[in-house]
Amino acid sequence: DCRRREPALAAVRAPCAYSGAVAAAIRRLKYRPERHLAELLAQLLLECLTARPLAIDALVPVPLDRDRARWRGFNQAVLLAGPVAIALDRPLLPTVLHRTRPTRPQVGLSARERHANLHDAFACVDRAAVAGRRLVLVDDVMTTGATLEACAVALRAAGAARVFGLVVARDMLE
């Protein structure tokens, strides 16, 4: 697919596989919610960037849709990105990217369904904050990359110079 069209997402870093204790910690953060786990998971992100740095200007957490954010009471991507932004002394831009519509949860969808589910689901609402900047999108898990790519498309359309992804864990569709 990358040979047919250049992806909006330049690269992705993921320090862990989505299994074992890491998968359990992510699920507990998102669904229990045990917010204290965000600090530990953010440390994994920071160690990953220390080992394999990216030249970035700011961090952008992947946004939740309004209903899911209200139900959960927080956005786990914001909780993960905050400590990393502080440690790297880079701005955190939690409001520049918005969901334009509710989407189905990605769990259980095929790769094709995931991409279709997120087509045009994000928009950058502050072009000035992203124009010409190298951004890193932060999320908890990447499976097909559909969410990160959809966010990157919106940020690139708003003028971002480069967009990278940073996730705690990489999962694979079975």
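These numbers were taken from a predicted model, which means no experiment stands behind them.
- Put simply, CG on Leu80 and CD1 on Ile26 are 8.0 Å apart, with the number rounded to the nearest 0.5 Å.
- The distance from the CD atom of Gln76 to the CG atom of Leu64 is 5.0 Å, given to the nearest 0.5 Å.
- The heavy-atom pair separating Arg13 from Pro53 by the smallest distance is NH2-O, 3.5 Å.
- Distance check: Leu148 CG to Met142 CE gives 6.5 Å after rounding to the nearest 0.5 Å.
- In this structure Arg99 satisfies the side-chain hydrogen bond (donor to acceptor under 3.5 Å, both in side chains) test together with Thr103, sequence neighbours excluded.
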Using side chain to side chain contact (heavy atoms under 4.5 Å, CB included), reason through Val96 and Val60 one step at a time and then give a plain yes or no. CA-CA 8 Å; Val96 299; Val60 178; 4.0 Å; yes
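- Summarising the geometry, atom NZ belonging to Lys30 is positioned 4.0 Å from atom CG belonging to Asp140; distances are rounded to the nearest 0.5 Å.
- Counting only heavy atoms from C-beta outward, the side chains of Thr143 and Asp171 approach each other to under 4.5 Å.
- A continuous path of Ile, Leu, Val, Met, Phe, Trp and Tyr side chains, each step under 4.5 Å between heavy atoms, connects Leu79 with Val84, placing both in one hydrophobic cluster.
- The CG atom of Leu97 sits 9.5 Å away from atom CG of Leu135, with the distance rounded to the nearest 0.5 Å.
- Considering only heavy atoms from C-beta on, Leu137 stays 4.5 Å or farther from Thr147 through its side chain.
- Nearest heavy-atom pair, Val163 versus Ala152, reported as atom, atom and distance to 0.1 Å: CG1-CB, 3.7 Å.
- Between Arg27 and Tyr18, the closest side-chain pair of non-hydrogen atoms falls below 4.5 Å.
- The shortest side-chain heavy-atom distance between Arg170 and Cys16 does not fall under the 4.5 Å cut-off.
- Judged by distance alone, the side chain of Thr100 and the main-chain N or O of Ala123 form no donor-acceptor pair under 3.5 Å.
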If you apply the rule side chain to side chain contact (heavy atoms under 4.5 Å, CB included), what do you find for Glu34 with Leu29, and how did you get there? CA-CA 5 Å; Glu34 295 183 32; Leu29 170 63; 5.8 Å; no
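- Atom CZ of Arg112 has 12 or fewer neighbouring heavy atoms from other residues, nucleotides or ligands inside a 6.0 Å radius.
- Side-chain heavy atoms closer than 4.5 Å link hydrophobic residues (I, L, V, M, F, W, Y) into clusters, and following such links, even through other members, never connects Leu59 to Val78.
- Contact of the Pro63 side chain with the Cys151 side chain is registered, since non-hydrogen atoms from C-beta on lie closer than 4.5 Å.
- Of the residues Arg162, Arg133, Arg134, Arg90, the one that meets the salt bridge (Lys or Arg N to Asp or Glu O under 4.0 Å) test with Asp57 is Arg134.
- Contact annotation: the side chain of Arg28 approaches that of Leu37 to within less than 4.5 Å [non-hydrogen atoms, C-beta and beyond].
- Cluster membership for Leu49 and Val136, using ILVMFWY side-chain heavy atoms within less than 4.5 angstrom, is shared.
- Shown here for Ala169 and Ala14, the closest heavy-atom pair between the two residues is C-CB, 4.3 Å.
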Taking it one step at a time, do Val12 and Leu166 satisfy side chain to side chain contact (heavy atoms under 4.5 Å, CB included)? CA-CA 6 Å; Val12 178; Leu166 178 65; over 6 Å; no
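- By the rule that hydrophobic residues join a cluster once side-chain heavy atoms approach within less than 4.5 Å of another member, Leu93 and Val138 end up as members of separate clusters.
- We find the CG-CD distance between Leu118 and Glu113 to be 12.0 Å, quoted to the nearest 0.5 Å.
- Two residues are said to be in side-chain contact when any heavy atoms from C-beta on lie closer than 4.5 Å; Leu88 and Ile56 meet this criterion.
- Judged by distance alone, with hydrogens and angles left aside, the side-chain atoms of Arg127 form a donor-acceptor pair with the main-chain N or O of Ala157 at under 3.5 Å.
- Under the 4.5 Å side-chain contact rule for hydrophobic residues, Leu46 and Leu92 share a cluster.
- Looking at Pro15 and Leu45, their side chains come closer than 4.5 Å, going by heavy atoms from C-beta outward.
- Nearest approach of Val130 to Cys124, heavy atoms of both residues: CG2-SG, 3.8 Å.
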Step-by-step side chain to side chain contact (heavy atoms under 4.5 Å, CB included) determination, Val141 to Val167: CA-CA 6 Å; Val141 179; Val167 297; 6.0 Å; no
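- The two residues Pro33 and Phe74 make their nearest non-hydrogen contact at CB-CE2, 3.2 Å.
- A donor-acceptor pair is defined here as one N or O able to donate and one able to accept, closer than 3.5 Å; no such pair exists between the side chain of Glu39 and the backbone of Pro83.
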